[in-house]
Asks: 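Quick one: structure below, then a few questions.
Just so we're on the same page: letters track the sequence lines, and every chain starts at 1.
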Amino acid sequence: MADNAEFENLVARFYAPLYQFAMSLAGTEADACDLTQQTFAIWATKGHQLRDASKVKTWLFTILHREFLDSRRRQTRFPHCDLESAEFELPSISPAAISRLDTAQVLAALQKVDEVYQAPVALFYLQDCSYQEIADILKVPLGTVKSRLARGLGQLQQLLARDLTAGQNPPLNL
Amino acid sequence: MNRDEAKEILQRYRPGTTDATDPLVAEALALAAQDAELSRWLAEAIARQEALRAKFRQIAPPAGLKEQIISEHAAAVRMKSRRHSLAFAVAGVLLLLACAGLFGWWQATPPASDLAIYRGRMVRAALTGYAMDLTTNSEAPLRTYLAQRQAPADYVLPAGLQHATVTGCAVEKWQGANVTLICFRTGKPLPAGESSDLWLFVVDRSKLKDAPAPGAPALANVNRLITATWTDSNKVYLLCVAGDAATLRTYL
């Protein structure tokens, strides 16, 4: 078990970004809280195995993502929209239109993005993680991260454009 | 790199991060700096990404999440500590019980005497483990042979054994000392392959720490034989035969 003071410092530093990542992946507050707590519980029992203290952030995000994938495997797959392959030419959606959306609508759109693209997109927006850090967290090659980001960002903006046009997007319960 | 390729790369570009260190991104940015249309596209793409980033960063953890994580950890630590304490206590009690049991067993079990061990080992030799070194029905060659082997040869046979037929002898070992084994026949039918059914072991008294004092033979059942042990002069004698005490006494 980690030392109490050290553990509290770690929680204070990382619980909010971890929760944001969890929320982006899971889409519900309850699941995001569970994932965040589970991540710290795993840290408490296995964190001492981490030799390089500079890797704590990557370690925590990796664990949370793994826990999310494990929980997702135990559930019915979340339905998502079938989209055509992302095109590099993003849909015409203005920054102002995006600003009028609320966070729940953006997260609801992210939930419809192909599952494999959700985590890189969330890390891209949330953490300013470098491409290499995203690759480390998701345990995939750097080139895979770049291609998944291109497709994931494209899908997200396509979905947002579609929702803005249709004027319908059930908000998530934040 | 053309404009379309640059757009594909720049859609994942975030100003103020390390993205610009990516060689492809750097090349696309350089192209945008020279291409007015691409530059306008980039400005709008960046604004769009910033707007989306702002939405993601508005995600706020519910109140009390941090405190809940910390309190659950503290509870887990306390639980683990209790489990450790309990485990230590149980282990301590088990260790004490084991020590007490061991001590009790040690106290209750008398140490096996040298004589008892000797008697048991010689009975086992009689029943299963010896080979006759010299086969003869005459006693004189036995003594000669035993003397040559530095085994006790100046033994005194009890009166009862004078009537038994000697069949041979062997030399056994007891803690490095030679033990004389003289084999006899009682005259009863022998099992197939056997030539003897009465055995006398003789060892120097100094070789047994708890040799019995001179006196009447002590009888004891060992394995499926009955034995008589006695000390005479500087020798300890052990006579073994199948049967009961009355049978054995006829050879003493």
Asks: Does any backbone or side-chain atom of A41(A) lie under 4.5 Å from a heavy atom of chain B? Answer side chain, backbone, both or neither.
Replies: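 Looking at A41(A), nothing touches chain B.
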Asks: Do I70(B) and F40(A) come within less than 4.5 Å of each other through their side chains, counting heavy atoms only?
Replies: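 SC-SC contact between I70(B) and F40(A) ruled out.
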Asks: Of the backbone (N, CA, C, O) and the side chain (C-beta and beyond), which part of A54(B) lies under 4.5 Å from a heavy atom of chain A, both, or neither?
Replies: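 Nothing of A54(B), per the 4.5 Å heavy-atom cut-off to chain A.
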Asks: If you compare all heavy atoms of Y19(A) against all heavy atoms of A60(B), which two are closest, and at what distance to 0.1 Å?
Replies: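 For Y19(A) and A60(B), the tightest heavy-atom pair comes out as CE2-O, 3.4 Å.
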Asks: Using the side chain to side chain contact (heavy atoms under 4.5 Å, CB included) rule, take R12(B) and R148(A) through it: C-alpha gap first, then chi angles, then the decisive distance, then the call.
Replies: CA-CA 10 Å; R12(B) 55 176 170 81; R148(A) 286 184 184 178; over 6 Å; no
Asks: What are the two closest non-hydrogen atoms of Q20(A) and I59(B), and how far apart are they?
Replies: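 Smallest interatomic distance, heavy atoms only, reads NE2-O, 3.0 Å.
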Asks: Evaluate L153(A) against L52(B) for side chain to side chain contact (heavy atoms under 4.5 Å, CB included), listing each step before the verdict.
Replies: CA-CA 10 Å; L153(A) 295 173; L52(B) 274 170; over 6 Å; no
Asks: For R205(B), does the CZ atom sit with more than 12 other heavy atoms under 6.0 Å from it, leaving out its own atoms?
Replies: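 Enclosed.
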Asks: Can you say whether A12(A) sits under 4.5 Å from chain B via the side chain, the backbone, both, or neither, judging by heavy atoms?
Replies: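 Both the backbone and the side chain of A12(A) come within 4.5 Å of chain B.
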Asks: As an exercise, state the distance from OG1 of T21(B) to CD of Q132(A), rounded to the nearest 0.5 Å.
Replies: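 So the OG1 of T21(B) and the CD of Q132(A) are separated by 10.5 Å.
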Asks: Atom NE2 in H73(B), atom CH2 in W43(A): separation rounded to 0.5 Å?
Replies: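 The distance works out to 10.5 Å.
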Asks: Give, for atom NZ of K66(B) and atom CZ of R13(A), the distance between the pair rounded to the nearest 0.5 Å.
Replies: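 It is 14.0 Å, given to the nearest 0.5 Å.
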Asks: Which atoms form the tightest heavy-atom contact between D22(B) and K146(A), and what is the distance?
Replies: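 Scanning both residues, the minimum pair turns out to be OD2-NZ, 2.6 Å.
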Asks: Where does L18(A) contact chain B at under 4.5 Å (heavy atoms): side chain, backbone, both or neither?
Replies: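 For L18(A), neither part sits under 4.5 Å from chain B.
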Asks: Can you see which heavy atom on K55(B) is nearest to which on L101(A), and at what distance?
Replies: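 So the minimum-distance heavy-atom pair works out to NZ-O, 2.6 Å.
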Asks: How close do P95(A) and A51(B) get, heavy atom to heavy atom, and via which atoms?
Replies: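 Looks like O-CB, 3.8 Å.
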Asks: Any side-chain heavy atom of V106(A) within less than 4.5 Å of one from Q58(B)?
Replies: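 The answer is no, as the side chains (C-beta and beyond) never meet within the 4.5 Å cut-off.
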Asks: What is the minimum heavy-atom distance between F124(A) and R14(B), and which atoms define it?
Replies: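 Between these two residues, the closest heavy atoms are O-NH1, 2.9 Å.
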Asks: May I ask you to test the Q37(A)-L65(B) pair for a side-chain heavy-atom distance under 4.5 Å?
Replies: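 The answer is yes; the side chains approach within 4.5 Å.
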Asks: Are the side chains of Y125(A) and R57(B) in touch, meaning some heavy atoms are under 4.5 Å apart?
Replies: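 Side chain of Y125(A) against side chain of R57(B), heavy atoms only: no contact under 4.5 Å found.
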Asks: To the nearest 0.5 Å, what is the distance between CD (E50(B)) and CD1 (I98(A))?
Replies: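 Reported value, rounded in 0.5 Å steps: 11.0 Å.
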